[in-house]
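Numbering starts at 1 and runs along the sequence shown. In each ligand, atom 1 is the first atom listed, and ligand 1 is the first ligand listed.
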Amino acid sequence: MNPVVELRRDGEIAVLAINSPPVNALSAQVREGIVEGVRQAGTDARVKAVVLHCEGRTFFAGADISEFGKPPKQPMLPEVVDFIEASSKPVVAALHGTALGGGLETALACHYRVAVPSAKCGFPEVKLGLLPGAGGTQRLPRLVGPERAMDMITSGSPVSAKVAKEMGIVDEIVDETDLLASAIAFARKLVAENRPLKKVRDLDDKIAAARGKPEIFEAFRKANARKFRGFQAPEYNIRCVEAAVNLPFDEGIKLERQLFQELVSGEQSAAQRHVFFAERQVWKIPDISDDTPTLPVKKVGVIGAGTMGGGISMNFANAGLPVTIVEAKPDALERGLGVIRRNYESTAKKGRMSMEDVERRMELLTGSLRLEDLADCDLIIEAVFENMAIKKEIFSKLDAIAKPGAILASNTSYLNVNEIAAMTKRPEHVLGMHFFSPANIMRLLEVVRGEKTDKRVIATAMQLGRQIGKIAVLVGVCHGFVGNRMLEPRQREANRLILEGAMPWDVDRVLYEFGFPMGPFAMADLAGLDIGWSRETSKGETAREILCEQDRRGQKTGAGFYDYDENRNAKPSELVEQIILDLSDKKGITRREISDQEILERCVYTMINEGAKILEEGIAIRSSDIDIVWINGYGWPVYRGGPMFYAEQVGLGKVLERLRAYEAKFGADFKPAALLERLVAEGKGFRDL
Ligand code: 3H9
């Protein structure tokens, strides 16, 4: 018999038990086993009903994602679910853990579903650029109605067993500790009561009202247009739900199949599947094994109560850890704590937190004006502004104050962590923890490994990152680490392009259409053009400096690269256009027509080239880590898989060829990385490294 499937009998109930760790993904072997088990139970005259149950931590967590993009293996999941539904004996799905995607589709093809209270159900396919392709888009609306089905399917978010019961997905919630026995009892009851086979495909009452009403779907599209921008899968999911309402079941299934095939063989899903695995790879560090002991962190210190320090502190308070925040001046401290409180209160106003939660978190935060108050902290994160001399001074003081074994981290976004560590007698306990603004919201954390950082310290920082809900990426020391280092060439090219012939809104439009939430100039306006600028030192040599001198400092002053109305809507500015034309003139640059393609290539291929150098130097462990940095820290569109994945989709040969062409025209800034040259010569990709 199939090694991952076991068919047992408990009186008149057959138990089809699947055990395929870690998450019982519906691999070919599992699918085969289910069909075989249902078939055998069907032919065994002693069996009156079947319970489908998974061992281990979860019911099927979905189709086996690693099979996508490879030659299909029989039986396919749609056939498996049809086979279950067609069984002449009732099949009861026993749900625990996460019944996701194809797992939930399998459950929906069963005639009844029971779940433990902690179970969750959902269709996360959209996050993989897909749609539920084994009947989910046709069955779910029949159970819960099209609106709720669209919500669930296009958000990808799971619902709890309780909500699933209210919605009609689950028939009964059973005892948490005794799922299998309860499911068997449920099946016995079905047999005793001679209940009919309930097939979701035959239900109509929840969809009838929406039939012939395209406006329901239009309204949903409109309400979510911003969220879905650029993504292919949400629209395909909506079309399937619409078909569920308007077409007979089998025709709806046909459309679902066709659209699923289109998505699964498309570029977006390939990119999103890459991201799925990349997010899991990122935690794996070749020379630091999973069982490396971590250091206990029970109390955190943060130096600096500004935007970064405040946001960083909130992360730890959210995770229930007490934080001491040190500032130099009382008013700055008070202001910082006030901002944190207001942030929490605004979350509470939106209903995402109770006022008690706000107070509980504020109680975990203690303000102080003395570094000495950090003496009992297990981890101290310095978040003062980017100035090496100040950071060095702080670290040498900290070394004398912090208890032995405490971890000292800098939130620097560019500076040399080794130099900072050298100010202490414990460089093995020093590292970088680079958060992204707003630090309480952005998912990315770059953990910067100094040359002397101890493995346990790194393991601790990574684990803490996970604990506070970040995606932590381990990077090495260099100017700007992974993210900011790659941002630099993009900024450089954007600034050159506007002098050579493009306008800020041209560059922004191209990058926005590529999928970034905004382009570099809109971003600069949002952040404030005067960061790091002062009137005294301004040379008036760049558009940015000139704008600052004219008090156009970005959104906060109502004008920057763009003009802003009272609702902060941006409009191209004639004045800025003139400033840029004058600047080109002053620099002796003859402006020319610049194509969108040139804008994209110069901004993005230079990033890829920098990424290749980062890999070559071992600053990032693997190319997919770079992708994770850019997706989670800089708004790289997830459906393009990150810059390094995108480079491979475009073709490394093409990227190299374009870089060479630009190098010939514009010089050494475009010189291809040696690694890129080598990979192309060897016919390999970044993922082969
Ligand atoms: C689908 O179902 C399509 C159908 O509609 C249509 C078909 C025709 N496949 O996340 P973890 C691996 S699409 C293969 O760290 P957790 C994962 O890579 C699918 N592998 O654990 C990792 O491997 P490793 C819809 C999978 O406890 C290990 O399992 N379903 C799959 O934090 C542990 O994973 C989904 O999208 C899979 N489906 O979270 C669900 N799932 O140890 C995707 C996991 O080598 N999965 N792996 O790094 C999840 O959301 C989470 O894994 C889950 C557990 C919540 C289940």
Side-chain angles (χ1 to χ4, degrees), residues 4 18 20-31 34 54 56-70 72-83 95-109 118-140 149 152-160 233 236-237 240-241 253-265 268-270 272-285 289-290 462-463 466-467 469 471-472 622 624-625 628 638:
V4 296
I18 284 77
S20 180
V23 295
N24 289 310
L26 286 148
S27 63
Q29 197 174 37
V30 171
R31 297 196 299 272
I34 296 174
C54 291
R57 65 197 218 218
T58 181
F59 192 73
F60 309 113
D64 185 340
I65 302 169
S66 62
E67 282 184 6
F68 295 144
K70 297 186 186 146
K73 289 191 194 147
Q74 303 299 330
M76 305 292 282
L77 193 58
E79 294 154 27
V80 177
V81 302
D82 284 350
F83 192 77
L95 310 184
H96 76 295
T98 41
L100 298 177
L104 182 55
E105 293 179 294
T106 305
L108 295 187
S118 63
K120 289 201 168 92
C121 302
F123 282 124
E125 283 88 341
V126 72
K127 295 183 180 165
L128 300 167
L130 294 173
L131 52 84
T137 66
Q138 303 305 297
R139 289 194 177 86
L140 187 68
M152 241 179 111
I153 291 179
T154 63
S155 72
S157 306
V159 296
S160 66
Y236 279 38
N237 275 288
C240 285
V241 176
I253 289 283
K254 249 191 233 156
L255 181 76
E256 180 193 87
R257 200 75 220 127
Q258 179 200 329
L259 295 187
F260 179 85
Q261 289 303 353
E262 210 180 299
L263 288 177
V264 79
S265 53
Q268 289 203 353
S269 176
Q272 288 176 257
R273 289 181 335 247
H274 160 75
V275 175
F276 175 86
F277 288 114
E279 280 184 350
R280 284 157 179 82
Q281 276 282 95
V282 80
W283 302 98
K284 296 171 189 160
I285 305 167
S289 63
D290 282 351
M462 296 296 287
Q463 185 257 321
R466 207 192 270 271
Q467 195 183 333
I471 183 147
R622 47 182 93 80
S624 62
D625 286 9
I628 290 300
V638 63

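The shell of residues lying under 4.0 angstrom from ligand 1, judged by heavy atoms, includes Lys284. Proximity of Gly136 to ligand 1 is not established, as no heavy-atom distance is less than 4.0 Å. Heavy-atom separations between Thr98 and ligand 1 include at least one value shorter than 4.0 Å. Ligand 1 has at least one atom lying under 4.0 Å from a heavy atom of Phe276.
Scanning all protein heavy atoms for the shortest distance to atom 50 (O) of ligand 1 gives Leu100 CD1, 3.9 Å. Considering only non-hydrogen protein atoms, atom 38 (N) of ligand 1 sits nearest to Ala63 O, 2.8 Å. Protein heavy atom at the shortest distance from atom 44 (C) of ligand 1 is Val23 CG2, 3.5 Å. For atom 10 (O) of ligand 1, the nearest non-hydrogen atom of the protein is Arg280 NE, 2.6 Å. With respect to atom 9 (N) of ligand 1, the closest heavy atom belonging to the protein is Ile65 N, 2.9 Å. For atom 6 (C) of ligand 1, the nearest non-hydrogen atom of the protein is Gly133 N, 3.4 Å. Looking only at heavy atoms of the protein, atom 32 (O) of ligand 1 is closest to Arg57 NH2, 4.7 Å. The nearest protein atom to atom 29 (O) of ligand 1, hydrogens excluded, is given as Pro22 CG, 3.3 Å; this is a heavy-atom distance.
At a threshold of 4.5 Å between non-hydrogen side-chain atoms, the residues Leu130 and Val264 count as touching. For the pair Gln268/Leu263, no side-chain contact is recorded, criterion being any heavy-atom separation below 4.5 Å from C-beta on. Side-chain contact between Ser20 and Gln29: absent, with no pair of heavy atoms (C-beta onward) separated by less than 4.5 Å. Side-chain contact check for Phe59 versus Cys121: every heavy-atom pair is 4.5 Å or farther apart. Residues Phe60 and Ile34 have side chains in contact (heavy-atom distance under 4.5 Å, counting atoms from C-beta outward).
Between Asp64 atom CG and Leu77 atom CG the span is 11.0 Å, to the nearest 0.5 Å. Interatomic distance, Glu256 CD to Tyr236 OH, rounded to the nearest 0.5 Å: 14.0 Å.
Below 4.0 Å from some heavy atom of Gly101 lie the following atoms of ligand 1, by number and element: 2 (O), 25 (C). Every atom of ligand 1 is numbered from 1 in the order shown, and the set under 4.0 Å from a heavy atom of Pro132 is 5 (O). Per-residue contacts place Gly102 under 4.0 angstrom from the following atoms of ligand 1 (heavy atoms of the residue considered): 1 (C), 2 (O), 4 (C), 5 (O). Proximity to Leu128 (heavy-atom distance under 4.0 Å) selects the following atoms of ligand 1: 13 (S), 19 (C), 36 (O). Near Gly62, the atoms of ligand 1 lying under 4.0 angstrom from a non-hydrogen atom of the residue are 2 (O), 30 (N).
When all heavy atoms of Ile285 and Met462 are compared, the closest pair comes out as CD1-CG, 3.9 Å. Between Cys240 and Gln138 the shortest heavy-atom distance is O-NE2, 3.0 Å.
Among the atoms of Ala61, some N or O lies under 3.5 angstrom from an N or O of ligand 1. Polar contact check, Arg257 against ligand 1: no nitrogen or oxygen pair lies under 3.5 Å apart.
Comparing heavy-atom distances from atom 8 (C) of ligand 1 across Phe123, Phe260, Phe277, Trp283 singles out Phe260 as nearest.
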All N/O donor-acceptor pairs, side-chain side in residues 99-109, below 3.5 Å, sequence neighbours left out:
{"from": "Glu105", "atom 1": "OE1", "to": "Ala134", "atom 2": "N", "distance (Å)": "3.4"}
{"from": "Glu105", "atom 1": "OE2", "to": "Gly133", "atom 2": "N", "distance (Å)": "3.2"}
{"from": "Glu105", "atom 1": "OE2", "to": "Ala134", "atom 2": "N", "distance (Å)": "2.6"}
{"from": "Glu105", "atom 1": "OE2", "to": "Gly135", "atom 2": "N", "distance (Å)": "3.3"}
{"from": "Glu105", "atom 1": "OE2", "to": "Gly136", "atom 2": "N", "distance (Å)": "2.8"}
{"from": "Thr106", "atom 1": "OG1", "to": "Gly102", "atom 2": "O", "distance (Å)": "2.7"}

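Residue contacts with ligand 1, taken as heavy atom pairs separated by less than 4.0 Å, involve Pro124 solely via side-chain atoms from C-beta onward. Heavy atoms from both the backbone and the side chain of Asp64 come within less than 4.0 Å of ligand 1. Residue contacts with ligand 1 for Glu105 involve side-chain atoms from C-beta outward but no N, CA, C or O (heavy atoms, distance under 4.0 Å). Under 4.0 angstrom from ligand 1, there are no non-hydrogen atoms of Thr58.
If you check the side chains of Gln281 and Ser624, you find no donor sitting under 3.5 Å from an acceptor.
Geometrically, Arg280 engages Phe276 in a cation-pi contact, judged by NZ or CZ lying under 6.0 Å from the ring centre and within 45° of the ring axis.
Checked by atom type and distance alone, the side chain of Arg31 never pairs as donor or acceptor with a backbone atom of Glu79 at under 3.5 Å. Thr58 places no side-chain N or O within donor-acceptor distance of the main-chain N or O of Val23, the cut-off being under 3.5 Å.
Distance check for atom 23 (O) of ligand 1: every protein heavy atom is found at 4.0 Å or beyond.
Legend: salt bridge (charged side-chain N to carboxylate O under 4.0 Å, His left out) pairs involving residues 121-134, not counting sequence neighbours: none detected.
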